[in-house]
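Each remark here refers to the structure printed beneath this line.
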Amino acid sequence: PLTVHLLDLSLARTFDDMPRSTSPIGTLHYLSPEQTGRLDACADYRSDLYSLGVVLFQFATGHLPFEHCSTAAEIMHCTISEEPELASKLNHSL
């Protein structure tokens, strides 16, 4: 059977504790566009759904969206302005 483990919740915050930051906090590939600090928008529960989507995308394909980006600026740009490759194109069994 498949076992799932949640690890490293050290960056977890409550919504009341969520700072409106201009610098990103967390692992860039998993940050929602609102969390990059490049948009005039507050992160909310939808940011968690975005990050979960990245996890599921990686689980299904073995790849991160925008893993071709090598710098923080490129990752943030792609997160905001591009769509990732379709999961079905990266994993032919989908």
The reported gap from NE2 in His29 to SG in Cys78 (rounded to nearest 0.5 angstrom) is 9.5 Å
Taken to the nearest 0.5 Å, the spacing of Lys89 NZ from His63 NE2 works out to 14.0 Å
Checklist line | Joint hydrophobic cluster, Leu90 plus Phe66, side-chain heavy atoms closer than 4.5 Å | finding: no
task: Establish whether Leu31 and Val54 are linked, either directly or via other cluster members, by ILVMFWY side-chain heavy-atom contacts under 4.5 Å.
output: no
To the nearest 0.5 Å, atom OG1 of Thr61 lies from atom CG of Leu86 at 11.0 Å
* Asked: Are the side chains of Glu74 and His68 in touch, meaning some heavy atoms are under 4.5 Å apart?
  -> no
Sorted by chain and residue number, the side chain to side chain donor-acceptor pair (under 3.5 Å) partners of Tyr30 (sequence neighbours excluded) come out as Gln58
One should read off an interatomic distance between Cys69 SG and Leu64 CG, to the nearest 0.5 angstrom, of 10.5 Å
Distance col, row Arg46:CZ vs Leu52:CG, nearest 0.5 angstrom, shows 15.5 Å
When rounded to the nearest 0.5 Å, the distance separating OG1 of Thr79 from CD of Gln35 is 10.5 Å
Between Tyr50 and Pro33, the two heavy atoms sitting closest are CE1-CD, 3.9 Å
